[in-house]
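Only one structure is covered here, and it is reproduced in the block below.
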2 protein chains.
Amino acid sequence: MIDRRSDRAVYRQLADILRDQIAAGTLPPGAGLPSELRLSQDHGIARSTARQAIAVLRSEGLVAPDGRKGYVVRHPESDGPAIRLKPGDTVTARMPSPAEQRTHDLDEGVPLLLVRSKDGTTVAYSGDQVLQVGQA
Amino acid sequence: MIDRRSDRAVYRQLADILRDQIAAGTLPPGAGLPSELRLSQDHGIARSTARQAIAVLRSEGLVAPDGRKGYVVRHPESDGPAIRLKPGDTVTARMPSPAEQRTHDLDEGVPLLLVRSKDGTTVAYSGDQVLQVGQA
DNA sequence: AGAGATTTGTCCGTATGTATT
DNA sequence: GAATACATACGGACAAATCTC
């Protein structure tokens, strides 16, 4: 329930509620979120506030627009086969620029994995990818 | 300049402008951003729209609240010494939950690097950390 | 100490556009 | 056409923290 007297912002409280439902499996991957209007009515808040809550979950990579209508819970699945890392490779992560988001076809809230080889070249992968250190 | 007739949303246009200034060094790391009010006046837009633009840059990890007042351009520096990866380790990245954000003391827009060892244990690092595959 | 200005954080209501159903 | 749903933009309002004088 939303507590108006709480110190925690209303939109954060709603984000917490939905995040918990996703973690608990009440909202499993692929499931649709209630619409912004529905959420605002159910919780007695403004639609713009419900929207703020969804924005939080989007930035966390937990939900994504359905393309057709509404939002769906993202699959945390790893993407495709593992990428092999070579000795001396270094790995970091950061959020993509809009251009990188396009070229790598990333959902919002999905970071970029940057692999730099010994020769100085850097290759970027979706954060959903799995990088694996070559078995000894 | 903001182009009202453009297809690109106004807040995205402003985010583009600021992002370019950061990339060009006009807004170097550590520099303060103009206030929301200032941005809204300078570009003839609502404060809430200017705020949306800043939210974009925050989610990209380019700027962070100053703690005191206003926003500053983040230092893209890598954090501390490199972490060694062992053979068989796998690496993925995702955005942290609010709890993880707290425990790892992450700025907004900074992803989490997840390293899973062969024995199944997973350790999380800031996306600013550098992971390195042990030299052969 | 105190007053005032600045700045961000939050919330609301409204309106319009576009796409889908 | 109508209803639904998200995307964008504006405006106003108040609180809380901080800075300045």
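Residue numbering restarts at 1 for every chain, and letters A, B, ... go by the order of the sequence lines. Quick caveat, the model's predicted, so the values are computed rather than measured.
Side-chain atoms of B:Q132 never come within 3.5 Å of backbone atoms of B:L85 as a donor-acceptor pair (strictly under, hydrogens ignored). Between the B:S35 side chain and the B:R38 main chain, a donor and an acceptor come within less than 3.5 Å of each other. The main-chain N or O of B:L39 is found under 3.5 Å from a side-chain atom of B:H43 such that the two form a donor-acceptor pair.
For C:dG9, its base never sits under 3.5 Å from the side chain of A:R12 at any donor and acceptor pair. For B:K69 and C:dT7, a side-chain-to-base donor-acceptor distance below 3.5 Å is absent, hydrogens and geometry of angles not being considered.
Protein atom CG of A:L39 is 15 Å distant from nucleotide atom C1' of D:dT4, rounded to whole Å. One interatomic measurement links the two molecules: OH of A:Y71 to P of C:dT20, which rounds to 15 Å at whole-angstrom precision. Distance A:D66 CG to C:dA19 P: 17 Å, rounded to the nearest Å. As a whole-Å value, the separation of B:L37 CG from C:dG9 C1' is 15 Å. Here D:dC10 presents its C1' atom at 11 Å from CD of B:Q52, a figure rounded to the nearest Å. Rounded to an integer number of Å, the gap from CD of A:Q13 to C1' of C:dT10 is 12 Å. To the nearest angstrom, C1' of C:dG9 lies 12 Å from CD of B:E108. Summarising the geometry, the separation between CD1 on A:I54 and P on D:dC6 is reported as 6 Å, rounded to the nearest angstrom.
Residues B:R84 and B:G134 share a closest heavy-atom pair of NH1-CA, 3.8 Å.
When the side-chain nitrogen and oxygen atoms of A:R58 are compared with OP1 and OP2 of D:dA7, one or more of them lie within a distance under 4.0 Å. Here B:T49 reaches the OP1 or OP2 of D:dC10: one of its side-chain N or O atoms lies under 4.0 Å away. For C:dC12, neither phosphate oxygen OP1 nor OP2 lies less than 4.0 angstrom from any side-chain nitrogen or oxygen of A:Y11. In this model, the phosphate group of D:dA7 is approached by a side-chain N or O of A:R51 to a distance below 4.0 Å at OP1 or OP2. When the side-chain nitrogen and oxygen atoms of B:R4 are compared with OP1 and OP2 of C:dT16, none of them lie within a distance under 4.0 Å.
Across the interface with DNA chain C, nearest-nucleotide mapping of B:P34 and A:A9 shows B:P34 to be the residue nearer the 5′ end.
Taking the charged nitrogens against the carboxylate oxygens, A:R94 and A:E100 do have a contact shorter than 4.0 Å, which makes a salt bridge.
Across all strands, A:R47 comes closer than 4.0 Å to base atoms (heavy-atom distances). Within 4.0 Å of B:S48, counting heavy atoms only, lies at least one base atom of the nucleic acid.
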